[in-house]
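Residue numbers start from 1 in every chain, and the chains themselves are labelled A, B, ... in the order their sequence lines are given, proteins ahead of strands.
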Amino acid sequence: MQLVVSTWNINSVRLRIDQVRRFLETVRPDILCLQETKCPDDKFPLKELQSYGYPFVVHIGQKGYNGVAILSRYPFLETGAMQMCERPDARHISITLAKEAKAAAGLTLHNFYVPAGGDIPDTTLNDKFAHKLQFLAEMRRWGERHRKGGAPGILVGDLNVAPLEHDVWSHKQLLNVVSHTPVETETLETLRQEAEWVDGMRVLRPEPEKVYSWWSYRSPDWAAANKGRRLDHIWLTPDIAPTLKSMSVTSETRGWDRPSDHAPVTAVLEL
DNA sequence: ATGGTTGTCATACAA
């Protein structure tokens with residue numbers, strides 16, 4: 001069977017509900033993971049999203065900030081939500097697919113939203129950067145424990161780090177810019193490799209090809225300037241990595257009216 | 001070196 005999984009930082013699910021529908025109708029993923037829903041749970045547009053063909057939905061949110069959700073065509077065996085950094089932030093949610101998902105039954109999917117980290121890449125001057133590094137350190141410890149279970153899985157999300165040289169428009173010019181500093185890129189690569197996650201995009205589109213999933217709102221004419229970064233990721237456990245058939249960025253969404261600054265990333269697996 | 005935009009909530013704050 002084919003399993004299509006997408007991840008998208010939507011930057012307000014209520015404001016862009018029509019864009020979610022348009023994306024789902026076009027790409028037709030089996031599972032869509034959202035970040036930055038910016039929506040408390042009692043205001044989450046559950047029925048609308050279900051009516052688009054995704055009856056199985058989990059979400060956690062807060063007023064105005066953060067928030068993650070997973071929409072699925074298949075039911076769940078179980079769900080989870082980790083509290084990170086001892087904060088109330090809604091930055092992780094997970095599902096394990098039930099037997100109705102056929103060959104994907106038992107697959108666990110983790111959806112993360114890593115803190116952006118503010119503007120100054122210095123933990124003594126910027127608490128938000130310290131928070132980001134603490135979050136990554138917790139992901140690292142969790143990943144080590146998690147892999148000991150050995151279950152097949154997928155980790156997706158807005159990780160707010162562009163780890164490789166060709167994940168940004170200018171490696172040199174971004175070395176001191178939050179999202180591409182050595183402490184962030186090395187930490188993310190280390191935690192990924194220690195837990196044996198495979199970076200899906202770079203299996204099929206290796207460096208030196210440039211791949212981006214985010215273009216700043218502050219840059220006018222984003223498409224012509226193309227000063228992007230690859231902040232959104234889909235990682236696979238080694239057992240299912242050979243089933244990966246395609247990886248894509250739906251960059252058209254960035255050109256839609258009132259867009260998210262992130263574009264969706266999609267993986268196709270043949271399980 | 002600087003400022004550039006957006007969403008939420010209604011005044012800064014986070015991204």
Side-chain angles (χ1 to χ4, degrees), chain A residues 7-20 22-23 33-45 48-49 59-69 84-92 111-123 125-136 139 156-163 167-170 172-181 183-185 188 212-233 251-265:
Chain A
T7 178
W8 192 8
N9 178 321
I10 192 64
N11 188 16
S12 175
V13 68
R14 283 177 290 177
L15 185 69
R16 277 182 259 282
I17 185 93
D18 290 337
Q19 297 192 24
V20 174
R22 190 172 165 190
F23 172 73
C33 298
L34 297 172
Q35 303 87 33
E36 273 206 275
T37 54
K38 290 188 171 177
C39 183
D41 287 328
D42 59 347
K43 300 260 178 64
F44 189 84
E48 292 95 318
L49 293 169
H59 59 91
I60 52 166
Q62 297 168 252
K63 191 172 78 173
Y65 303 114
N66 308 326
V68 285
M84 307 290 285
C85 303
E86 298 177 328
R87 293 178 189 227
D89 298 7
R91 292 183 178 273
H92 168 266
N111 177 14
F112 278 97
Y113 173 47
V114 174
D119 288 332
I120 304 165
D122 184 322
T123 57
L125 300 175
N126 174 9
D127 290 341
K128 292 196 279 288
F129 193 66
H131 177 212
K132 182 179 197 174
L133 295 188
Q134 186 191 348
F135 193 101
L136 292 172
M139 274 183 80
V156 312
D158 175 7
L159 305 185
N160 264 316
V161 179
D167 291 337
V168 294
W169 64 276
S170 169
K172 276 189 181 171
Q173 286 180 253
L174 289 171
L175 270 172
N176 200 35
V177 172
V178 172
S179 74
H180 195 63
T181 64
V183 63
E184 294 169 86
T185 60
L188 192 76
Y212 311 137
S213 64
W214 174 89
W215 294 262
S216 173
Y217 285 129
R218 297 176 190 176
S219 168
D221 206 356
W222 70 276
N226 198 24
K227 292 183 173 180
R229 305 178 202 170
R230 187 171 73 101
L231 304 180
D232 302 276
H233 301 265
S251 51
E252 304 93 272
T253 66
R254 187 64 180 79
W256 291 353
D257 189 43
R258 298 197 79 182
S260 168
D261 45 356
H262 294 255
V265 177

Please encode protein proximity along nucleotides 5-15 of chain B as a string of B, S and -, counting only heavy-atom distances under 4.0 Å.
BSSSS----SB
Within 6.0 angstrom of A/Arg14 CZ, more than 12 heavy atoms from elsewhere:
yes
Give a yes or no on whether A/Asp127 atom CG has more than 12 heavy-atom contacts from other residues, nucleotides or ligands under 6.0 Å away.
no
Quick one: does A/Arg16's side chain have a donor or acceptor within less than 3.5 Å of a partner on A/Arg258's backbone?
yes
[N] and [M]: how far apart are their [atom1] atoms, nearest whole angstrom?
| N | M | atom1 | result |
| --- | --- | --- | --- |
| B/dG3 | B/dG7 | P | 23 Å |
| B/dA15 | B/dG4 | C1' | 14 Å |
| B/dC9 | B/dC13 | C1' | 10 Å |
| B/dT6 | B/dT11 | C1' | 16 Å |

SB check A/Asp89 A/Arg87 (cutoff 4.0 Å)
no
Who pairs with A/Pro121 by side-chain contact (heavy atoms from CB on, under 4.5 Å), at least two apart in sequence or on another chain?
A/Phe129, A/Asn176, A/Val178, A/Thr181
My understanding is that only residues two or more places apart in sequence, or in another chain, count here; which of them pass side-chain contact (heavy atoms from CB on, under 4.5 Å) with A/Thr185?
A/Val161, A/His180
